[in-house]
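Report on the structure given below.
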Number of protein chains: 2
Amino acid sequence: MDQRQRVAGWQPEPAVVEGEGRTPRKRRAILAAATEAFLQHGYLGASMDEVAAKAGVSKQTVYKQFENKERLFAEIVLGTSDQLLDGLTKAYAETLDEAGDAREALRALAHYFLDSLTNPSVLQLRRLVIAEADRFPDVCGAWFTSGFERSLEALGQALTTLTERGLLRELADPSLAAYQFAGLVMYKPMNRAMFAGTEARPPADEFEKLADQATEVFLAAYGLGSPAR
Amino acid sequence: MDQRQRVAGWQPEPAVVEGEGRTPRKRRAILAAATEAFLQHGYLGASMDEVAAKAGVSKQTVYKQFENKERLFAEIVLGTSDQLLDGLTKAYAETLDEAGDAREALRALAHYFLDSLTNPSVLQLRRLVIAEADRFPDVCGAWFTSGFERSLEALGQALTTLTERGLLRELADPSLAAYQFAGLVMYKPMNRAMFAGTEARPPADEFEKLADQATEVFLAAYGLGSPAR
DNA sequence: AAATCATACTAGACAGTCCAGTTCTCTTCT
DNA sequence: AGAAGAGAACTGGACTGTCTAGTATGATTT
């Protein structure tokens, strides 16, 4: 029902944990409400009154848990980077283990990218971080290095395992190859998604073509033997 | 002196035009000031008082020229898309005409991308449009289709001319190939630039590697004959 | 007894309006 | 050509209404 639960290992709404004390339960509710508010309206557009109301909590409780608006923002942004990284890393391992050859593996990876990274919540999070990059360079920079960059490093390692299994050429710079693959797959749909608003989602049959074509280009450069085309 | 004058055919500060009447001169000053304010602080963060002060103009004059804050924003964003498109289209033509072979042409293109799109003003404009994509879907969507997408279409046509000159394989989908090349070159540096704040600029020697490697991958897929590596 | 609640409050910001006095620009007259 | 005057544009500043981050308080729940 909620699409966000299925992808990218990231869920803005915290799961209900039984037997949890009142205080941590409220804290989670505040984080969930604030996440929704920030994603929807941006940092300046979201108000603390709105957060408290959405969390079903008094404003005083919000300020007991979080020093101020900035800290609340930082906590949310930094909290998501680990979750994103974990989800992607796991997906790499699974996708690649199941694959019999490089083409199959890369196609599966491409589809995973396209599905998870065009998810509305993920897009809104990207927008939020990008929008506030100049206002909170430390927080957003940390999100980038510990979330985004590391997930690409993980993809580089995943590609290296393909090389070790004799499915791909030796990669002089696995991290760069990872960025290249991600760029081949995502540059077009990600830009549209970023610029054209959360509502505008691309047709599903475009994903097939993007995944296939990106895979072929990548294999032409890094695959074994002559290109299969 | 001002880096913005050199790249991407876009200049946020309007040139001084002699013999111009008072009203249009003030209007340009307002646009320039508002551009700076919006790029620096975002839509909500920029205040109309600040715009008026920066333009050296009374607030009343601002509201005489522009109905309200939203219209001012729209005017600025839409005004930039044409300028960006023009700059890139011209650069494609020049770069490709001068090139003797495909490798040379693609490298030059890659360097042009890297130089112009990592320019601070261009980055801030991208951030602004992305940040407000949900608040102003019409304006930002129009910026995307009439600026971003069309410049990629233009790149696709430029690549087609390389094919016609016998320097590149036939392209089944020139537009997609253009996105792929742009993705190969820009995905890594653009993401860092977007997320890590305007201050963090990458080292210049990374550009060389990005341009070279992107070119080689692209040629492996779309070049003539066997890969040159 | 500690946490939380509802509510009210402070202090400041901001979009947009209004007004009385000034400067510019253009037309008309000499 | 140049002076004069009309009307529009512009200015500075005050003002309204609304919103917001953050604090304070006294009652209620756990």
Side-chain angles (χ1 to χ4, degrees), chain A residues 14 16-77 128 131-132 134-136 139, chain B residues 14 16-77 128 131-132 134-136 139:
Chain A
V16 174
V17 178
E18 313 202 17
E20 203 182 16
R22 184 174 55 161
T23 302
R25 195 172 62 241
K26 301 245 173 208
R27 187 188 169 88
R28 295 168 77 94
I30 294 166
L31 278 172
T35 302
E36 199 183 315
F38 282 137
L39 289 188
Q40 214 158 58
H41 310 302
Y43 177 76
L44 288 179
S47 86
M48 297 297 267
D49 285 296
E50 180 195 358
V51 169
K54 259 190 180 136
V57 140
S58 85
K59 229 167 118 180
Q60 199 56 234
T61 307
V62 175
Y63 279 98
K64 179 142 273 171
Q65 292 295 328
F66 302 94
E67 193 184 330
N68 54 34
K69 197 179 181 183
E70 292 190 17
R71 304 278 301 182
L72 179 55
F73 177 81
E75 204 115 348
I76 285 171
V77 169
L128 181 65
E132 306 305 333
D134 274 343
R135 196 188 312 272
F136 303 109
V139 172
Chain B
V16 174
V17 179
E18 311 202 19
E20 203 182 18
R22 184 173 56 162
T23 302
R25 195 172 63 242
K26 302 247 172 204
R27 187 188 170 88
R28 296 167 77 95
I30 294 167
L31 279 172
T35 302
E36 200 183 314
F38 282 136
L39 290 187
Q40 213 158 57
H41 309 302
Y43 178 75
L44 288 179
S47 85
M48 297 297 269
D49 285 296
E50 181 197 355
V51 169
K54 259 191 179 134
V57 140
S58 85
K59 228 165 115 179
Q60 198 58 231
T61 306
V62 174
Y63 281 97
K64 179 143 272 171
Q65 292 296 327
F66 303 94
E67 193 185 329
N68 53 34
K69 198 180 180 183
E70 293 190 17
R71 304 278 301 184
L72 179 54
F73 177 82
E75 205 115 346
I76 285 171
V77 169
L128 181 65
E132 306 305 335
D134 274 344
R135 196 188 312 273
F136 303 109
V139 172

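Proteins get letters first, then strands, A, B, ... in listed order; numbering begins at 1 in each.
Summarising the geometry, the separation between CD on B/Glu50 and P on C/dA13 is reported as 13 Å, rounded to the nearest angstrom. Here the C1' atom of nucleotide D/dA21 and the CG atom of A/Leu72 are 12 Å apart, to the nearest Å. Between B/Lys26 atom NZ and D/dG12 atom P there is a gap of 8 Å when expressed in whole angstrom units. Distance CZ (B/Phe38) to P (C/dA15): 9 Å, rounded to an integer number of Å. Going from atom CZ of B/Phe66 over to atom C1' of C/dA15 covers 16 Å, rounded to whole Å. If you take CZ of B/Arg25 and C1' of D/dA8, they are 15 Å apart, rounded to a whole angstrom. Across the protein-nucleic acid pair, A/Asp49 atom CG and C/dT7 atom P stand 13 Å apart, rounded to whole Å. Counting to the nearest Å, the P atom of D/dT11 and the CD atom of B/Gln65 are 11 Å from each other.
Using a 4.0 Å cut-off, no side-chain N or O of B/Ser58 falls inside it from OP1 or OP2 of D/dG13. Phosphate proximity of D/dC19 to A/Ser47: absent, as no side-chain N or O sits under 4.0 Å from OP1 or OP2. Regarding contacts with the backbone of D/dA8, every side-chain N or O of B/Thr23 stays at 4.0 angstrom or more from both OP1 and OP2. Contact between the side-chain N/O atoms of A/Lys64 and the OP1/OP2 oxygens of C/dA2 is not found at any separation under 4.0 Å.
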Note to self: Pair B/Leu44, B/Arg135 - check side-chain contact (heavy atoms from CB on, under 4.5 Å), show working.
What the structure shows: CA-CA 11 Å; B/Leu44 288 179; B/Arg135 196 188 312 273; 3.3 Å; yes
Next item on the list: Kindly indicate, with the supporting measurements, whether the criterion side-chain contact (heavy atoms from CB on, under 4.5 Å) is fulfilled by A/Met48 and A/Asn68.
Entry: CA-CA 9 Å; A/Met48 297 297 267; A/Asn68 54 34; over 6 Å; no
Next item on the list: Step by step, work out the side-chain contact (heavy atoms from CB on, under 4.5 Å) result for A/His41 and A/Glu50.
Entry: CA-CA 11 Å; A/His41 310 302; A/Glu50 180 195 358; 3.1 Å; yes
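Contact detail for A/Leu31 and A/Thr35: the closest heavy-atom pair is O-OG1, 2.6 Å.
Between B/Tyr43 and B/Phe38, the ring planes lie parallel to each other; the angle is under 30°, not in the 30° to 60° tilted range.
Looking only at distances, no side-chain donor or acceptor of A/Asp49 sits under 3.5 Å from a matching main-chain atom of A/Ala52.
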Could you go through nucleotides 17-21 of chain C and list every protein N or O atom that sits under 3.5 Å from one of its N or O atoms, giving the distance for each pair?
residue : atom : partner : partner atom : Å
C/dC18  : N4   : B/Gln60 : NE2          : 2.4

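Heavy atoms of A/Ala53 sit nowhere under 4.0 angstrom from any nucleic acid atom. When heavy atoms are screened at a 4.0 angstrom cut-off, A/Ala52 is found touching no nucleic acid atom at all. Heavy atoms of B/Gly45 sit nowhere under 4.0 angstrom from any nucleic acid atom.
Taking only side-chain atoms of B/Val57, from C-beta outward, the nucleotide of D/dA21, D/dT11, C/dG16 with the closest atom is D/dT11.
Residues B/Lys26 and B/Gln65 have side chains not in contact (no heavy-atom distance under 4.5 Å, counting atoms from C-beta outward).
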